[in-house]
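Worksheet: one structure, shown below.
Computed from a prediction, not measured in an experiment: that's the story for all the values here. Below, all heavy atoms of this structure are taken into account, side chains as well, without hydrogens, waters or symmetry copies.
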Amino acid sequence: MTDTTSALIRRYQCELATRQQQGLWRQSGDNAVAESWRNFAGNDYLGLAQDPRLVKKAQQHLERWGVGATASPVVSGFTAAHQSLCDQLCDWLSYPQAILFNSGFAANQALLFTLLGKDDALFQDKLNHASLIEAGVLSPATQRRFRHNDMAHLRQLLAKQTQSSASLIVSEGVFSMDGDVSPTESLATIANQSGALWALDDAHGIGVLGQEGEGSISRGARPDILIVTFGKALGVAGAAVLASPTIIDYLRQFARHYVYSTAMPPAQAALIEDAIRLARTEHWRRETLSAHAEQLAQGLHDWLETTSVFEPRAGNRQPLPRLLATPSPIKPLIIGDLAALQQVNHALMKAYIRVGAIRPPTVPANTARLRISLSAQHQKTDITALIEALKPLLASDKACEVTA
């Protein structure tokens with residue numbers, strides 16, 4: 001082992017020890033427990049991931065297409081199954097063209113790395129997903145981040161741009177940690193007035209919002225570029241970017257994540273198309289989500305402060321815990337103090353209930369939270385069990401502390 005390697009290992013060990021001491025240690029969850037536990041930690045909003053019909057379809061598609069695409073889409077990895085999925089997406093979401101990626105992370109990074117040059121400007125909501133923020137940092141463009149959903153701040157940043165700079169505005173349809181939505185109408189207006197392109201990552205909106213699950217575009221405004229993922233409400237995996245022929249052709253020619261990656265398995269593409277058909281037609285899934293959200297809010301009404309927004313500030317003494325009222329299946333329960341969050345989460349686990357315990361730096365300091373994720377697969381008894389398990393925990397003063 002060289003001295004350089006040894007120094008690196010020592011640094012890794014030091015940083016790992018620090019993370020453990022701070023109570024921020026991450027570990028992979030055992031998904032097997034989801035079969036016997038009540039699981040409120042996933043993103044299977046429509047309950048499609050375990051749908052018996054899709055399981056059977058997956059077996060049929062594997063027999064038809066095999067297990068892998070074997071090559072990049074631009075070599076020989078693009079099949080009739082991929083084209084059919086693209087056609088279905090364009091029909092569902094009313095865009096002229098679509099391009100497929102193996103994950104939402106890859107789609108977001110390909111988008112920003114490919115479309116932006118060194119003289120361009122990128123404007124991102126501060127609460128955008130890590131894949132977007134990281135891509136913005138690493139792209140040759142100049143990145144500026146506007147305060148969350150603050151359109152006045154976005155206008156101020158745009159006004160400082162030189163006329164020679166081309167701009168891209170990026171936001172999310174539904175924000176993954178707060179469960180709130182972006183002001184899409186205002187974003188569309190600002191993009192139009194400034195001459196900027198506008199991209200919307202709708203990973204947590206697609207399948208959930210709209211009459212047929214068409215996502216955030218159902219609220220009226222239509223972004224120039226729409227990113228959708230298949231591993232959340234649709235229950236499978238992968239992602240797509242939808243846009244004009246010019247933008248899609250540009251990505252197809254120059255996006256390294258597309259050109260130099262093996263295409264998603266054709267059986268997977270065919271299965272995603274089946275999931276989309278169910279999402280579009282089985283409206284009861286979205287109705288069930290609404291009923292679950294109402295049951296949760298009413299069940300915790302006497303135990304929690306409820307609000308539509310939470311903004312941490314130095315010395316914040318807002319009443320906690322606080323349940324954020326959201327239009328999505330993501331229901332954040334702000335605990336605040338990290339130690340209190342861990343205590344509550346441990347007690348839930350003893351009751352065989354799994355909820356995402358989200359800590360800094362994923363969320364701002366003093367906003368450690370339970371990220372309650374509802375699914376159409378949940379039964380009323382599951383929501384009741386969660387409510388009853390939370391009541392005595394939330395009644396404890398220890399769950400209401402916030403470290404300034």
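Residues passing the ring pair (Phe, Tyr, Trp, His ring centres under 6.0 Å) test with His61: none are found, sequence neighbours excluded. For Glu388, the salt bridge (charged side-chain N to carboxylate O under 4.0 Å, His left out) criterion is met by Lys391, not counting sequence neighbours. Residues that satisfy the salt bridge (charged side-chain N to carboxylate O under 4.0 Å, His left out) test with Glu214, not counting sequence neighbours, are absent from this structure. With sequence neighbours left out, Ala199 forms a side-chain contact (heavy atoms from CB on, under 4.5 Å) with Leu111, Leu168, Val170, Ile225, Ile227. Here Tyr95 pairs with nothing under the ring pair (Phe, Tyr, Trp, His ring centres under 6.0 Å) rule; sequence neighbours left out. Contacts of Phe105 classified as ring pair (Phe, Tyr, Trp, His ring centres under 6.0 Å), with partners at least two apart in sequence or in another chain: none. Judged as a side-chain contact (heavy atoms from CB on, under 4.5 Å), and not counting sequence neighbours, the contacts of Leu62 are Val67, Ala267. Applying the ring pair (Phe, Tyr, Trp, His ring centres under 6.0 Å) test to Phe175 and every residue at least two apart in sequence or in another chain returns His148.
Between Ser373 and Tyr45 the shortest side-chain heavy-atom distance falls below 4.5 Å. Inter-residue side-chain proximity for Phe78 and Gln83 is flagged as met; some heavy-atom pair is nearer than 4.5 Å.
For the side-chain hydrogen bond (donor to acceptor under 3.5 Å, both in side chains) condition, the pairs that include at least one residue of residues 137-147, sequence neighbours left out, are Gln124-Gln143, Arg144-Gln161, Arg147-Asp150. Residue pairs meeting the side-chain hydrogen bond (donor to acceptor under 3.5 Å, both in side chains) criterion with at least one partner in residues 100-116, sequence neighbours excluded, are Asn108-Ser131, Asn108-Asp201, Gln109-Glu134. The salt bridge (Lys or Arg N to Asp or Glu O under 4.0 Å) analysis of residues 267-280, with sequence neighbours excluded, yields the pairs Asp91-Arg280, Glu212-Arg280, Glu273-Arg277, Asp274-Arg277. For residues 216-234, the pairs satisfying side-chain hydrogen bond (donor to acceptor under 3.5 Å, both in side chains) are Asp202-Ser216, with sequence neighbours left out.
Note on ring orientation: taking the six-membered ring where Trp is involved, the planes of Phe101 and Tyr258 are perpendicular (angle over 60°, cut-offs 30° and 60°).
In this structure, NE2 in His257 is found 12.0 Å from CD1 in Ile99, a value given to the nearest 0.5 Å.
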